[in-house]
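In what follows, a structure is listed as structure tokens, so that the remarks can point back to it.
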Amino acid sequence: MFHKLSIRFKLVVLLAGSAALALLVSSLITSYTTYVTESRASLRVLQQLTSVISENMRAALAFHDVHSAGNILAPLRVDSHILLAVVTDDVGKVWSQYRHPTLSKAQGDAMLQHVRDTITAESQKLFDQEATVEHLHDDCMGVLQTVWFDGKPIGVLAVISDTQRLRTKIRDFILVQLSISLLTLVVLVFLSVRLQALFTRPILDLVAAMHSVAATKDYRHALSVQRSDEFGELYEGFDAMLAEVRERDERLSKLATTDALTGLANRRHAMDVLATMLARSQRKGEPLGVVMLDIDFFKKVNDHYGHPAGDLVLQTVARVLQDSAREYDLVARFGGEEFLVICEGATVEMAAAVAERIRSSVQEYRINLQGDGFLYVTVSLGVHARTPSADDALEGVIESMIKTADEAMYRAKESGRNRFVVG
Ligand SMILES: Nc1nc2c(ncn2[C@@H]2O[C@H](COP(=O)(O)OP(=O)(O)OP(=O)(O)O)[C@@H](O)[C@H]2O)c(=O)[nH]1
């Protein structure tokens, strides 16, 4: 499933997903540390309040002045979050207390009981170590502090407050945090959609280039992109691969169309070119000439000088043919010591002129046998030209033209060689 998704989509999901995860973790950590800090701060405020009240309470408690104790606790009503403030003597008997008006009797009694239990449980801490006791629950928090007189504990003051203020603060903080995170996430998703192109564009370009090369089989279009990162290496590798395939392609096509000994077009390529040129001639209504030629007494060259010398003669004649033919004529080795020259747009006179130029050039050319002296050879040629009519079947025309030129060439042989005959 995952590998079916596009790379663009995967990258956006990866970038946005990582950002969302990072935001979530950082929000959780910040929320937790804020909760811890705010809880400590709230307890510290309650502790300071308890400390002040216990200071004021000392005389009232020392002189068992219940009325004064009540007066000291009474102002607590201005703070709507204080639920219960209670002063007990050192054995837990209640001297005076303040209860928030909204607190039910049952709730107040339960809290009072909790205070008594805490005094019993934490008596060592309260009376021996002179420490305060703090408690934090979900919906309330409390501080218990010993009241001292003359170095002796004479009672305990407990102040219990709700955690409404703390909870509101934390909730507001989380809301702000959540809004910032959401906003950041939206921005990050937007940026991811934009930034993914930095990574996906080069890959997609490569994929497009690969498809285009595969479809057109045209290996010439290198990407030629200058980059110094890994994508640059990928482009370079792709271009190098294309160049290699192109080179191999050209080598193969040359091998398929060229005669290895002479470097001329081979018979198959010559037939292909003849078909193309003939189709063009037919379309344009123009003539096409062919000259078929064969080296005279070539067997004797082989027999007398050996096969390598015969090869040299073939190569030399090929060069002379190439030089004597017109620039746009195709010269091909048709087989053995037989050659074909295709002259596009040539009338029989023009083809005959080409044949005569070839004949005299070959005749005059002194072939250096490289150590075996020098040699002159001649060629016999058959010339034929025609303008194919629109309803001619090209395959038949090709065959007939080659046959006619070939027959003319044999007539040239029969009539004494070193000449051309028009067929
Ligand atoms: N050295 C060499 N000889 C070849 C090659 N291909 C064909 N031949 C030779 O060409 C000779 C052709 O001889 P023939 O067909 O008898 O014709 P010819 O001796 O040229 O006589 P005419 O054509 O009648 O003038 C044969 O000896 C072949 O072995 C080649 O690639 N290299």
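In listed order, ligands and their atoms are each counted from 1. Predicted, not measured: the structure shown is a model, and the values here were computed from it.
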Which residues share a ring pair (Phe, Tyr, Trp, His ring centres under 6.0 Å) with His304, sequence neighbours left out
none
Close residues (non-hydrogen atom under 4.0 angstrom from ligand 1) work out to Asp294, Ile295, Asp296, Phe297, Phe298, Lys299, Asn302, His307, Gly310, Asp311, Leu314, Arg333, Gly336, Glu337, Lys413, Arg417
Show the atom names and distances, to 0.1 Å, of all donor-acceptor pairs under 3.5 Å that link a side chain in residues 338-352 to residues at least two apart or in another chain.
residue	atom	partner	partner atom	Å
Glu344	OE1	Arg280	NH2	3.2
Glu344	OE2	Arg280	NE	2.8
Glu344	OE2	Arg280	NH2	2.9
Thr347	OG1	Glu349	OE1	3.3
Thr347	OG1	Met350	N	3.3

Given 3.5 Å as the limit, does a donor-acceptor pair link the side chain of Asp329 with the main chain of Arg326, or not?
yes
With sequence neighbours left out, the residues meeting ring pair (Phe, Tyr, Trp, His ring centres under 6.0 Å) with His81 are none
Applying the side chain to side chain contact (heavy atoms under 4.5 Å, CB included) criterion to Arg386, which one of Leu288, Val290, Leu278, Thr404 satisfies it?
Thr404
Is any side-chain N of the basic residue among Glu414 and Arg411 closer than 4.0 Å to the acidic one's carboxylate O?
no
